[in-house]
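As the structure is a computational prediction, the values presented were derived from the model and not from experiment. Whatever order the structure lists them in is the order used to number ligands and atoms, beginning at 1.
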Amino acid sequence: MPFSSLSDLKSQLDAGETTAVELAQRYLDRIDAHNGELNAFVDVDHKHIIDQAKASDAHRAKHGARPLEGLPIAVKDIFCTQDGPTTCCSNILKGFHAPYDAHVITRLKNAGAILVGKTNMDEFAMGSSTETSAFGPCRNPWDVERIPGGSSGGSASAVAGGLVPAALGTDTGGSIRQPAAVCGITGLKPTYGRVSRRGIIAFASSLDQAGPMTRTVRDTAMISAILCGHDSGDSTSVVNAPEIDWLAACDSVDMKGLKIGKPKEYFVDGMDAGVRAAVEAALAKCVELGAEIVDISLPHTKYAVAAYYVIAPSEASANLSRYDGVRFGKRCENPQDLVDMYTRSRDEGFGSEVKRRILTGTFALSSGYYDAYYLKAQQVRTLIRQDFLDAFEKVDIIATPTSPIPAFKIGEKTDDPITMYLSDIFTIALNLAGLPGMSQPCGFVEDLPVGLQWIAPAWREDVLLSAASAYEGATDWTTKAPAAFGGES
Ligand code: GLN
């Protein structure tokens with residue numbers, strides 16, 4: 001406490017050294033003490049959390065412990081939860097109460113986890129800095145003048161600041177990995193189709209996946225083991241996906257003979273020199289551990305951001321058409337007629353970044369432009385995927401920086417959407433390809449964390465976890481925590 005791993009907390013609970021109620025209270029005290037500064041949580045219901053913890057202690061006493069029994073986990077405000085509001089940090093959903101739990105929320109509850117509240121995020125998960133939230137910007141515990149990344153910035157900030165030991169995020173173009181990187185924690189985006197999207201508010205349905213954000217690789221495995229699996233309620237959730245022994249993957253930590261691809265397109269001029277040095281040093285450590293570095297090329301990488309910013313807004317423009325003042329959330333005052341109600345409810349409810357995406361997407365999908373933009377972007381997507389397939393003929397895994405820069409200052413990029421979009425330059429391609437990716441801490445640039453990104457072939461999250469565990473075991477980055485929040489940096 002407060003920077004204990006989930007697995008340490010689980011051992012303490014199993015040994016009877018603490019109880020779910022005691023843990024919940026200790027983390028609630030941390031939230032009360034620090035959320036004012038970080039703005040990582042947008043909804044915390046103290047009584048409901050303690051009630052869940054009491055029920056968990058009772059379950060343990062009567063029936064024994066389930067896999068996540070009594071462990072506090074926070075979730076991004078994009079997950080529908082029957083308890084409390086679900087707003088996606090948008091004014092258009094203020095006051096919305098979901099009629100059902102997202103599939104992954106049900107899985108966490110059934111595994112005995114205590115849901116600690118909803119975390120801050122960019123509105124509708126569109127952003128890289130958690131500055132577009134209707135609840136105001138979230139802050140990075142390593143430097144509260146800086147962004148925690150985005151869009152799952154609240155989850156990253158809460159874990160990095162020791163307000164909760166683990167959290168869920170979602171990742172459409174990097175929203176788990178980039179905030180994990182700039183907050184110095186670990187995050188996994190599973191293979192597309194591994195995790196059910198039912199009850200996760202849709203941004204870009206062909207890209208969205210949920211995943212864990214934790215302090216250690218093993219904690220990521222513990223949560224993944226619960227989240228992943230088929231759900232008949234999501235048609236994109238894959239039936240009979242290749243199964244993984246998530247925890248065993250963390251024990252197989254021999255890097256000998258592992259071929260790590262180093263794509264030249266991810267080590268470029270213009271990226272931060274300190275980030276590059278930290279990632280190069282991490283790769284040198286992997287060589288010491290027996291891995292071989294193979295120089296590779298992913299030649300279509302340079303088109304990834306452009307293709308993403310056609311495909312993701314196009315899907316978003318369709319997904320967000322349901323917010324019309326009729327069925328969900330906000331309706332404008334005194335509508336004159338139906339069109340006035342639609343127009344004003346949307347105008348008042350959506351923030352400017354969301355409007356920019358809806359306009360871009362509507363334009364790209366409109367007749368006359370569809371072939372030039374949307375169709376072209378889909379073709380580029382296929383080429384990007386093929387680059388990865390070709391690379392995995394030669395290597396077992398790919399390593400890159402997660403973000404080209406460490407956490408930037410709040411407000412620094414808000415006036416320039418293009419530079420903001422470029423902060424995802426290293427994370428987006430693998431979403432387009434549907435591949436699993438992970439970020440783990442690998443050093444610091446002037447006291448700001450740097451993330452190492454691992455990319456594996458589809459369904460091979462075990463390769464990610466093994467490589468990341470080997471690297472984690474040979475370094476001490478996961479023991480670091482921000483001094484201002486009581487950690488050792
Ligand atoms: N930053 C990217 C965007 O703004 C990715 C967001 C995400 O993964 N949800 O779209």
Quiz item: Which protein residues have a heavy atom closer than 4.0 Å to any atom of ligand 1, listed by chain and number?
Solution: A125, M126, G127, S128, S151, D171, T172, G173, G174, S175, F203, Y308, Y309, R357, D424
Exercise. Mark yes or no: R30 above the aromatic ring of F3, with NZ or CZ under 6.0 Å from the six-membered ring centre and no more than 45 degrees from the axis.
Key: yes
Practice problem: May I ask you to establish whether K480 and F444 are in a cation-pi arrangement, using a distance under 6.0 Å from NZ or CZ to the six-membered ring centre and at most 45° from the ring axis? | Solution: no
Quiz item: Does F203 offer a backbone N or O that forms a donor-acceptor pair with the side chain of N319 under 3.5 Å?
Solution: yes
Practice problem: Could you tell me which residues satisfy side-chain hydrogen bond (donor to acceptor under 3.5 Å, both in side chains) with E123, sequence neighbours excluded, listed by chain and number? | Solution: S90
Quiz item: Who are the side-chain hydrogen bond (donor to acceptor under 3.5 Å, both in side chains) partners of T427, not counting sequence neighbours?
Solution: none
Exercise. Using salt bridge (charged side-chain N to carboxylate O under 4.0 Å, His left out) as the criterion, list what pairs up with D143, not counting sequence neighbours.
Key: R146
